[in-house]
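These notes concern the structure reproduced below.
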Amino acid sequence: MEDNYRHKGLRKKLIEELVTKGITDQKVLDAMNRVPRHAFIPSGFLEFAYENKAFPIGAEQTISAPYTVAFQSQLLQVEKGMKVLEIGTGSGYQTSVLVEMGAKVFSIERQKLLFDFSKKMMANLKYKCQLAYGDGYKGWPAFAPFDRIIITCAAPRIPEDLLLQLKPGGRLVIPFGEGEMQEMMVIHEDAEGQFITEKHGAFSFVPMLENKNKSEI
Ligand code: SAH
């Protein structure tokens with residue numbers, strides 16, 4: 001995968017745009033400055049790769065807009081070495097950003113086409129992570145518990161299994177709701193072990209679908 005001066009220049013500009021939009025976590029900005037987003041966009045659409053826009057990636061799904069990836073990554077508060085579960089691998093772009101941040105990433109995708117694509121691309125780019133084809137509502141019990149869980153599709157409910165797979169003191173970032181727009185929420189535990197919900201504004205995601213294929217995890 002070629003990553004030339006033009007790609008790097010476009011990427012630097014995008015990072016500057018993310019800063020003006022309010023992204024402050026330097027670890028997120030540095031990681032996004034290193035991941036070649038054009039590798040995750042259908043070829044021939046380079047000029048779209050470094051615009052702050054979502055883009056179709058096949059199977060009626062989209063790669064999230066860079067600002068959305070940055071915002072979710074920032075809310076997640078990732079530290080090096082943390083175990084992170086992602087639901088909705090899609091293109092693998094968000095997955096790569098988390099790997100670049102030093103997380104041990106586990107990611108689940110329910111579209112075979114996208115699972116195959118992201119698996120190949122992550123291997124090409126030498127991003128080490130665990131990818132699974134299956135239903136994210138069930139989480140990934142074999143590798144639980146996780147320090148952080150990020151959902152990159154719109155969840156009509158809070159998946160109980162995912163809360164159970166979160167470590168004490170962990171954080172779950174979830175776009176919640178069924179309409180055209182969803183509320184970005186962070187769920188974490190307080191000192192008494194009660195779940196606290198924070199709201200972080202409106203975003204638009206493709207839906208998190210349930211029971212539409214058998215889980216292979
Ligand atoms: N992070 C991805 C976003 C892709 S869009 C990226 O930046 O490219 C959200 C993805 O969630 C889609 O690929 C969709 O197929 C997937 N998805 C929807 N419901 C799911 C489920 N129940 N389990 C796992 N993945 C799911």
Side-chain angles (χ1 to χ4, degrees), residues 14 18 28 31-32 35-42 45 48-76 78 84-101 103 105-122 125 127 129-141 143 146 148-162 165 172-178 180-182 184 203-217:
L14 173 64
L18 296 176
V28 172
M32 290 184 68
V35 179
R37 190 169 186 264
H38 61 279
F40 299 91
I41 300 266
F45 291 99
F48 295 100
Y50 294 105
E51 282 182 20
N52 184 31
K53 284 188 184 136
F55 199 81
I57 50 171
E60 294 172 22
Q61 307 303 323
T62 53
I63 180 172
S64 300
Y67 176 73
T68 305
V69 171
F71 192 75
Q72 284 199 287
S73 302
Q74 180 164 288
L75 286 178
L76 209 55
V78 179
V84 178
L85 175 67
E86 178 191 33
I87 309 302
T89 319
S91 65
Y93 176 67
Q94 167 78 76
T95 323
S96 305
V97 171
L98 294 169
V99 173
E100 275 284 6
M101 290 177 76
V105 187
F106 303 81
S107 185
I108 305 172
E109 171 58 50
R110 68 176 287 285
Q111 295 283 352
K112 186 71 164 61
L113 181 85
L114 296 174
F115 166 74
D116 289 340
F117 171 84
S118 56
K119 203 172 173 72
K120 214 172 91 193
M121 190 50 75
M122 303 294 283
L125 296 172
Y127 284 131
C129 60
Q130 302 273 343
L131 302 179
Y133 169 52
D135 179 8
Y137 276 93
K138 301 183 180 81
W140 202 335
F143 290 105
F146 300 95
R148 302 286 186 260
I149 300 179
I150 174 172
I151 300 179
T152 70
C153 35
R157 61 180 179 84
I158 312 282
E160 177 84 356
D161 284 333
L162 296 186
Q165 291 175 31
L172 170 73
V173 174
I174 177 169
F176 179 74
E178 279 183 290
E180 211 166 283
M181 301 300 282
Q182 302 87 43
M184 187 66 77
F203 285 81
S204 179
F205 285 82
V206 295
M208 182 171 181
L209 300 171
E210 206 159 0
N211 299 329
K212 290 281 168 68
N213 68 348
K214 71 176 174 41
S215 179
E216 298 197 347
I217 295 171

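Read the numbers this way: they start at 1 and go in the same order the structure lists the ligands and their atoms. The model shown is predicted, which means the values in this text are computed figures rather than measured ones. Numbers for residues simply follow the sequence, beginning at 1.
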Checking K120 against D116 for the salt bridge (Lys or Arg N to Asp or Glu O under 4.0 Å) test, could you report, in this order, the C-alpha distance in whole Å, the side-chain angles of both residues, the deciding distance, and whether it holds? CA-CA 6 Å; K120 214 172 91 193; D116 289 340; over 6 Å; no
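A donor-acceptor contact closer than 3.5 angstrom links the side chains of Q94 and S73.
The immediate protein surroundings of ligand 1, defined as residues with any heavy atom under 4.0 Å of it, consist of Q61, T62, I63, S64, E86, I87, G88, T89, G90, S91, Q94, I108, E109, R110, Q111, L114, G134, D135, G136, Y137, T152, C153, V206, P207, M208, L209.
Under the 3.5 Å distance criterion, the side-chain polar atoms of Q72 are matched with a main-chain donor or acceptor of I151.
L209 has its side chain out of reach of C153: every pair of non-hydrogen atoms, C-beta onward, lies at least 4.5 Å apart. Using a 4.5 Å heavy-atom threshold, the side chains of V28 and L18 count as separate. Contact of the P175 side chain with the F205 side chain is registered, since non-hydrogen atoms from C-beta on lie closer than 4.5 Å.
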